Amino acid sequence: MIISEAFESKKALYSFEIFPPKPTADLSAVRGTIEQLAALSPDYISVTCGAGGSGNARTAEIACLVKKCGVEPLAHLTCINASKESISRSLSELSVSGIRNILALRGDRAEGARESEDFRHASDLVCFIKKSGLPFDVAGACYPEGHPEAPDILTDIRNLKKKVDAGVTHLNTQLFFDNEDFFRFSDMLALAGIDVPVQAGIMPLVKKSHVDRIISLSGAKIPAKISRMISKFYDKPDALMEAGIAYATSQIIDLLSAGARGVHLYVMNNAYVAEKITANVSHILGEINKK
Ligand code: FAD
């Protein structure tokens, strides 16, 4: 089922994001992870790709593995360093592999990398996919705290509207740790006339390596509750794991209680974390999606 159809039949979707292994690594570890995630019956699993588009081939390969495990895949596709020809090749490959859902992204700027003359914004990629005539359902990214390059959140939302108008059928948010940012953002989207479903991106902070990397890369605001948790348990792996899972769980319960159209878990290929969080919210999801 394509993801926009799933949104028509359910009040809230629940999904995971994974990343492909390095090009030289074999697939057994990620295959095992996908099997464990598939057993949790998510609505879909998304597969990231490299900003240069270099990882797009592996993305298609892993998306196929997701499909073989009986779960709908959502393949990420970036365009910042891509040409029309290379994107056409990626689209053909995804289409031939039976992938029907694409998350269309610009990708992050890399220092020294030559940027595309064909695609400046994700909305250009969305238009290109739509014009290809291939039957893809296209999702896009959005930023409850504003995209770091945008001068302000209202400008960012005006730009987001162009992406949605180009043909995006649902949005996945950047990770955030303060639900109030998501609620405020949702109100602003409604005022801007953006009415596609928005899934909240939740990153469980369960490892010290995540804490360092994710916080600096995403630029997400860190609420005092999280700062206290990190400073107390930074060097205590078991305690940080437990606290990170509990924090993410409470964020998800609050979001679903407030009517969010779904949650997308950034599980960093860690099936254990996905299992624990899913066990914590499965009855809540069942109740919300009861027919
Ligand atoms: P855009 O929608 O193009 O927005 C980027 C900036 O340009 C914003 O500031 C926006 O306001 C501005 N803008 C947009 N359109 C216009 C316009 N028409 N005129 C003027 N300004 C405009 N990166 C990866 O490399 N691989 C991944 O797999 C990946 N997955 C992601 C998944 C999610 C859910 C999210 C939230 C991000 C992901 N990223 C990934 C990171 C993403 O590529 C970066 O955040 C990137 O900087 C922006 O991508 P975008 O698609 O949101 O870009």
Side-chain angles (χ1 to χ4, degrees), residues 3 13 15-21 44-60 62-63 66 73-82 87 90 94 99 101-111 113 115-116 118-129 138-177 181-182 185 188-189 192 194 196-203 213-214 216-220 261-269:
I3 294 168
L13 299 197
S15 53
F16 303 129
E17 177 182 290
I18 58 168
F19 55 85
Y44 66 89
I45 295 178
S46 83
V47 186
T48 66
C49 69
S54 53
N56 286 345
R58 252 274 111 151
T59 302
I62 305 302
V66 170
L74 169 66
H76 295 207
L77 183 65
T78 55
C79 63
I80 192 163
N81 307 120
I87 292 292
S90 297
L94 291 168
I99 311 297
N101 303 285
I102 293 179
L103 179 64
L105 297 150
R106 188 198 70 184
D108 275 325
R109 303 213 135 99
E111 226 178 276
E115 291 194 10
S116 175
D118 295 335
F119 304 98
R120 291 194 53 194
H121 308 292
S123 52
D124 300 326
L125 177 59
V126 178
C127 287
F128 189 80
I129 298 172
V138 186
C142 64
Y143 303 82
E145 297 178 58
H147 185 268
E149 287 169 32
D152 54 70
I153 190 139
L154 289 179
T155 309
D156 198 30
I157 290 175
R158 271 196 291 275
N159 292 331
L160 181 62
K161 175 96 170 73
K162 293 179 199 161
K163 185 156 67 178
V164 172
D165 289 346
V168 158
T169 53
H170 99 265
L171 293 166
N172 279 359
T173 77
Q174 176 63 288
L175 62 94
F176 59 90
F177 299 108
D181 288 320
F182 178 84
F185 181 64
M188 287 193 271
L189 295 191
I194 297 176
V196 295
V198 181
Q199 250 183 289
I202 297 299
M203 161 78 73
R213 223 175 122 250
I214 300 309
S216 69
L217 277 183
S218 71
R261 291 301 313 275
V263 170
H264 189 57
L265 263 193
Y266 297 115
V267 291
M268 308 291 284
N269 294 18

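Just so you know, ligand 1 is whichever comes first in the structure, and atom 1 is the first atom listed for that ligand. In this text, all values refer to a predicted model and were calculated from it rather than measured experimentally.
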Among Arg109, His121, Arg120, Arg158, which one has a heavy atom closest to atom 16 (C) of ligand 1?
His121
Per-atom filter on ligand 1: closer than 4.0 angstrom to a heavy atom of Lys162 are 17 (C), 18 (N), 19 (N)
Evaluate Glu149 for polar contact with ligand 1, using N/O atom pairs at a separation under 3.5 Å.
no
Test of understanding: given a 4.0 Å heavy-atom threshold, classify the contact between Arg106 and ligand 1 as side chain, backbone, both, or neither.
both
Is a side-chain donor or acceptor of Lys163 paired with a backbone partner of Ala141 at a separation under 3.5 angstrom?
yes
For ligand 1, which atoms, with element, lie under 4.0 Å from some heavy atom of Leu103?
32 (C)
Enumerated ligand 1 atoms positioned under 4.0 Å from heavy atoms of Asp156:
8 (C), 9 (O), 10 (C), 11 (O)
Would Gly107 count as a polar contact of ligand 1, with the cut-off being nitrogen or oxygen pairs under 3.5 Å?
yes
Under 3.5 Å, is there a donor-acceptor pair between the side chain of Thr78 and the main chain of Gly50?
yes
When you look for heavy atoms under 4.0 Å from ligand 1, do you find them on the side chain of Lys163, its backbone, both, or neither?
side chain
Cys49 versus ligand 1: do any nitrogen or oxygen atoms come within less than 3.5 Å of each other?
yes
Under a 4.0 angstrom heavy-atom cut-off, which atoms of ligand 1 come close to Gln174?
36 (C)
Does Tyr266 come within less than 4.0 angstrom of ligand 1, counting non-hydrogen atoms of the residue?
yes
Numbering as shown, the atoms of ligand 1 that approach Thr78 to under 4.0 Å (heavy-atom distance)
24 (C), 25 (O), 26 (N)
Any N/O of Ala122 closer than 3.5 Å to an N/O of ligand 1?
yes
Ser123, any N or O under 3.5 Å of ligand 1 N or O:
no
Any donor-acceptor N/O pair, Thr173 side chain to Cys142 backbone, under 3.5 Å:
no
Rounded distance (nearest 0.5 Å) linking atom CG of Leu77 with atom CG of Leu103:
9.0 Å
Check Thr48 against ligand 1 and report side chain, backbone, both or neither, counting heavy atoms closer than 4.0 Å.
both
Quick note on ligand 1: atoms under 4.0 Å from a heavy atom of Asn172 include exactly 34 (C)
Under 3.5 Å: donor-acceptor pair, side chain of Ser116, backbone of Ala82:
yes
So, Asn101 side chain and Ile3 main chain: donor-acceptor pair closer than 3.5 Å or not?
yes
Point-to-point distance, once rounded to the nearest 0.5 Å, from CG of Leu94 to CD1 of Ile99:
6.0 Å
Calculate, to the nearest 0.5 Å, the distance between atoms CD and CZ belonging to Glu145 and Phe182 respectively.
12.5 Å
N/O of His76 under 3.5 Å from N/O of ligand 1, yes or no?
yes
Test item, Phe19 contacting ligand 1 (heavy atom, 4.0 angstrom)
no
If the condition is side chain to side chain donor-acceptor pair (under 3.5 Å), which residues does Thr169 pass it with, not counting sequence neighbours?
Asp137
Distance in Å, His76 NE2 paired with Thr59 OG1, rounded so as to fall on 0.5 Å steps
8.5 Å
Here the gap from Asn81 atom CG to Arg106 atom CZ, rounded to the nearest 0.5 Å, amounts to 10.0 Å
